[in-house]
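Below is one structure, written out as structure tokens; the observations come after it.
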Amino acid sequence: MSEWESVIGLEVHVQLKTRSKIFSGAPTAFGAPPNTQACTVDLALPGVLPVLNAEAVRMAIVFGLAVEGQIAERCRFDRKSYFYPDLPKGYQISQLDEPIVSGGHLDIEIDNGTTKRIHLTRAHLEEDAGKSLHEDYQGQTGIDLNRAGTPLLEVVSEPELASPEEACRYFRTMHTLVRTLGICDGNLNEGSMRCDANVSVRPRGSLVLGERTEIKNLNSFRFLDKALTFEIERQIDVLESGGTVERQTLLYDAERDETRPMRGKELSDDYRYFPDPDLLPVVVTESMLDEARATMPELPAAKRQRYVEQLGLTDYDARWLAADPGTAAYFDAAAAACGQPKAAANWVMGDVAAAVRREETAWTEVPVPATQLGKLIQRIDDGSISGKIAKSLFKTLWDDGGEVDELIESQGLKQVSDSDEIAAIVREVIDANPAQVAQVRSGKTRVLGYLVGQAMKASGGKANPRRVSELMREALSTDGS
Amino acid sequence: MTVGQFATIGEIRTALKSKAASAVELARDHLDRIALSELNSFVTVCEDDALAAAGEADRQIARQGQSGLLGVPIAHKDVFCTAGVRTTCGSRMLAEFVPPYDATVVTKLRDAGAIMLGKTNMDEFAMGSSNENSHFGSVSNPWDANRVPGGSSGGSAAAVAAGLVPAATATDTGGSIRQPAALCGISGLKPTYGRVSRYGMVAFASSLDQGGPMARSAEDLRVLLHHMEGHDPLDSTSADTGPTPHEADGIGLRIGIVREYGQDLDARLAATVDEAAAVFERLGHERLDISLPHTAYATAAYYVVASAEASTNLSRYDGVRYGHRAESPVDLDDLYARSRSEGFGAEVKRRILTGTYALSIGYYDAYYRKAQRLRRLVRQDFLDAFAAVDLILAPSTPSTAFEKGALLAPDETKDPTVMYEQDIYTVPVSLAGLPALSVPCGIVDGLPAGMQLIAPHFGEDRLLALAESFQRETDWHQRTPAS
Amino acid sequence: MFKSGDNVEVPAARKGIVREPPSGAVVVTSRAAANTSGTALDADLIDKLMRLAALRLEAQERELLKDNLQKIVHLIDTMQSADTDGVEPLDHPLDGVQPLRPDRVTEAVDRERFQQIAPEVRDGLYLVPRVVE
């Protein structure tokens, strides 16, 4: 065990999925041609003014309620000044002294299923900046301001994360939460969630925090893990070789897998925060709180508990299903449709998940409606179709659509359970395979499976396998010729 | 053509209604005067657009008669954005800037039928009290070409005083409507903060800036305010209080005289304000002495707050998306520093640096926060006073129009704060967000003197009613410079 | 409207983000107000302000400006003799509440038009001298 321990705090920037920007009526679509989503306010033309988006406020309140933080009755926006080409006004509108959410906590799962409570310092609303495109435009940098003014909720944790693993777990838990709340699309590769990590190391057991560094702009679970792992190692090396850690802001270079000091001008030693005179104090009324409570979905932890306690799922399955709000919603609908949560869980985690992965489909866009999956499960249960038929029927439903009962009918998939019909098939198989029959009779019961398989094949998969097996056994034991 | 050079909006409307004059004739006439004027009160003249709009106004008048401001020529201070017409804000930074949108005030006045003849000169970014800080040169006072018209709305004030337009828009952050109105012998109204939309008005100090009208009478100010005011969803600080009513009778009011305002005042100017008070007494109003004890701190607090806000409002001018850009910058720092240093004049730089200082680490509490605390005390002074009086009467300026260069030497070696003292009677009102107007109340050595009337928040109706009654009793507002 | 009861103390300490004076900076607080009259601007401070404000001046202009600023500081230092203990800062002249805008796309973006006034653009991007992260 190392004689050092690390202390990590995260600032997660959650892009809120509003239709329009936080202070302007421009659209927020990702991937549009450069500067086609930036209106006069986003471009900071002279004389234009910010007006706050109600939906961004609602989303911040929903988040605050979900993490059991305090929602400020009154909060305020401040100007944070620095010059950088992707910051058109020369200041960012943010919240310094009076954030909309204070306190709160996020419970993360650590080893062996125990949870650890990570306290939140605050969550505040602010506007995102544009993007600098560093591809060479004849020695110049191109500026795209489409992202400028996109609403962000910056969630600041207390320095209570003890390892890169815990930091990643926290980031993942946050990712699940904000998507469940419907306030962020969670598309990491589009930058919808980014985090800055504050990290320091100290002798194990020490109560004094070491000097920290800040790693900016980490946009994937893997980079967060690798950057923190590298930085902790680096700090330990510095300290063990007698040096001191310097307080600085770092960038993680994924290609080289290392952190290096940031040189950019968005860093200032004096941001000159003061209340933005273009905006008035925001007052959160009781009715705004009520509205947020009314739209609050079931939270991931409650969902997991319900799956285990009410639906009888295993802890593993409950965790798996609740980790993604799209998956959980699909499962909930399928389970409700068939009334068999365990079977629904098996299907969702098995065939549906496999197809989702293979086809790279979003859970919200699975082509087989959850109600149809529920119907399919019911038809297996009532013996109408075999599990095998059901699998192929699911593929048909995925590829071509359709309705379960109609497909069973039109494709003649109904399972054969009629004893006379199955007995006839069994007879045929016994007659056609004298050698295998002899083997079974001589005690090689394993060959029985082959004969049952042949019978299933002869029935076109429609025979009830349990019935085939029963009749085959019966025929071979009574037929003594 | 039966409309005189110094006709009021009321007279112009009558002429248009009776077809004694057409909108095109009026526009032509005023444009000719603007072309001949040597005051340098206009930065941009929109001759073709104005004549086309006037032609359209005449067709409308023929169809449905004259209403609102249909066919009335006006000018806009060059701080208001005008779609397709360059908006310079008196700065080299925006010398070529053509906005793709109209300020709300511009839209509203156009919708009311007003014909924009052009954009008026001003102190750069509305910072100044003499109009000598303009990139487009200083403006002359029509009463004496060697003297300043005041500022920052010096172009609008001079143009109205000289009869180049019957009315003009202006803005007031610390006195920029009231002081030049006083120095040019016209009427100017700074409405309650939030009464007139700031959308499209190039920002100087957001919590102080307020647009308002300049004209030849209080009656005209009322008409203009009616067409400029109103809640604007594009401005978060815009007030949602409904239109200014027209019902105050202006009888038997208690008028407060501020004890602290006497000290730096020219005695002859003080006498004109005193005479005005006597007029009010004759009209049946009561005169009461009041005290505004934090007056002495107002100028300092104002310069801190206004400069702090300005220092960030002007950060957007970086040479990237619009505005002046330095030639061949070697790197990003060079682009910013040279574009801004070349684009801004000396006074703007001083205010930016003052504001940066007031907001910076270690000084924030001592300056910015301190100033905001004083701001509350200054406002409280007025609110306390308005428990005892209905309106306040005060001088508009400590002196009449001063000579060009007297307070601002070309080599900039003079103390810049001497100019700031011009605003001692106007700045407290701005900090408190109150409505106030300046109307002419005398002539001292051939130069106009102005007085201020100050009302509680949203008390414009009473303010205008009292000014109207004063102008029925006196003719100071009808005096014009010898041409 | 203002009530005298509004005179509550300044907000509690800044959480999370702290306005920390750099080491060696002259820290002036309102409690030390009396000491600020006569605040002298030194060259380092002027340098810092110029850097923060992204301004650059030639030596002679700079000296003049320093002199001007010193006079302005002298003016604003007159505030320090005022007793403002227990007075809450006033950010806005009217005690309004921020209006909220419905979340609707209301702005049409006409890039061509917006970029006609731009000093340098290519492929729809605004160009600046090369930026190093």
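Just so we're on the same page: letters track the sequence lines, and every chain starts at 1. All heavy atoms count here, side chains included; hydrogens, waters and symmetry mates do not.
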>> Regarding A:Arg79 and B:Asn313, do their side chains bring together a donor and an acceptor under 3.5 Å, going by distance alone?
In response: yes
> Hey, what do you get for OG1 (B:Thr237) to CG (A:Leu49), rounding to the nearest 0.5 Å?
Replying inline: 6.5 Å
> Which region of B:Arg198, side chain (C-beta onward) or backbone (N, CA, C, O), has a non-hydrogen atom less than 4.5 Å from a non-hydrogen atom of chain A, or is it both or neither?
Replying inline: both
> Do side-chain atoms of B:Ser206 reach the backbone of A:Asp276 as a donor and acceptor pair under 3.5 angstrom?
Replying inline: no
> Where the side chain of B:Tyr322 meets the backbone of A:Ala44, is there a donor-acceptor pair that is under 3.5 Å apart?
Replying inline: yes
>> Once rounded to the nearest 0.5 Å, what's the spacing between atom NZ of A:Lys89 and atom CG of B:Leu314?
In response: 14.5 Å
>> How about CD on A:Gln248, more than 12 heavy atoms from neighbouring residues, nucleotides or ligands closer than 6.0 Å, or not?
In response: yes
> Tell me, side chain or backbone of B:Phe80 under 4.5 Å from chain A's heavy atoms, or both, or neither?
Replying inline: neither
> How many angstroms lie between atom OG of B:Ser207 and atom CG of A:Leu280, to the nearest 0.5 angstrom?
Replying inline: 10.5 Å
> Among A:Val41, A:Leu45, A:Thr40, A:Val48, which has the most heavy-atom pairs under 4.5 Å with chain B?
Replying inline: A:Leu45
>> Rounded at 0.5 Å granularity, tell me how far CZ in A:Phe83 sits from CG in B:Leu335.
In response: 10.5 Å
>> I'd like to know if the side chain of B:Arg316 and the backbone of A:Gly90 have a donor-acceptor N/O pair within less than 3.5 Å.
In response: no
> Checking A:Asp270 side chain against B:Ser360 main chain: does a donor-acceptor pair fall under 3.5 Å?
Replying inline: no
> Which atoms form the tightest heavy-atom contact between B:Arg321 and A:Pro88, and what is the distance?
Replying inline: NH2-O, 2.8 Å
> Measuring from A:Tyr82:OH to B:Ser315:OG, what's the distance to the nearest 0.5 Å?
Replying inline: 12.0 Å
>> Is B:Pro100 close to chain A through its backbone or its side chain, or both, or neither, when contacts mean heavy atoms under 4.5 Å?
In response: side chain
>> Walk me through whether B:Tyr357 and A:Arg272 qualify under side chain to side chain contact (heavy atoms under 4.5 Å, CB included).
In response: CA-CA 9 Å; B:Tyr357 174 62; A:Arg272 287 153 287 140; over 6 Å; no
> Pick from B:Asp235, B:Val305, B:Leu94: which one has the most heavy-atom pairs with chain A under 4.5 Å?
Replying inline: B:Asp235
> Rounded to the nearest 0.5 Å, how far apart are OH of B:Tyr368 and OH of A:Tyr273?
Replying inline: 15.0 Å
> Does any heavy atom of chain A fall under 4.5 Å from the side chain of B:Thr356, the backbone, both, or neither of them?
Replying inline: both
>> Less than 4.5 Å apart, side chain to side chain, heavy atoms only: is that true for B:Leu332 and A:Pro85?
In response: yes
>> Give me the atom names and distance for the closest heavy-atom approach of B:Phe97 to A:Pro46.
In response: CZ-CD, 3.5 Å
>> Set out, in order, the CA-CA distance, both residues' side-chain angles and the distance that settles side chain to side chain contact (heavy atoms under 4.5 Å, CB included) for A:Phe274 and B:Thr312, then state yes or no.
In response: CA-CA 10 Å; A:Phe274 81 108; B:Thr312 57; 3.5 Å; yes
>> Within the supplied structure, the quantity of interest is the number of heavy atoms (other residues, nucleotides, ligands) at a distance under 6.0 Å from A:Glu190 CD; does it exceed 12?
In response: yes
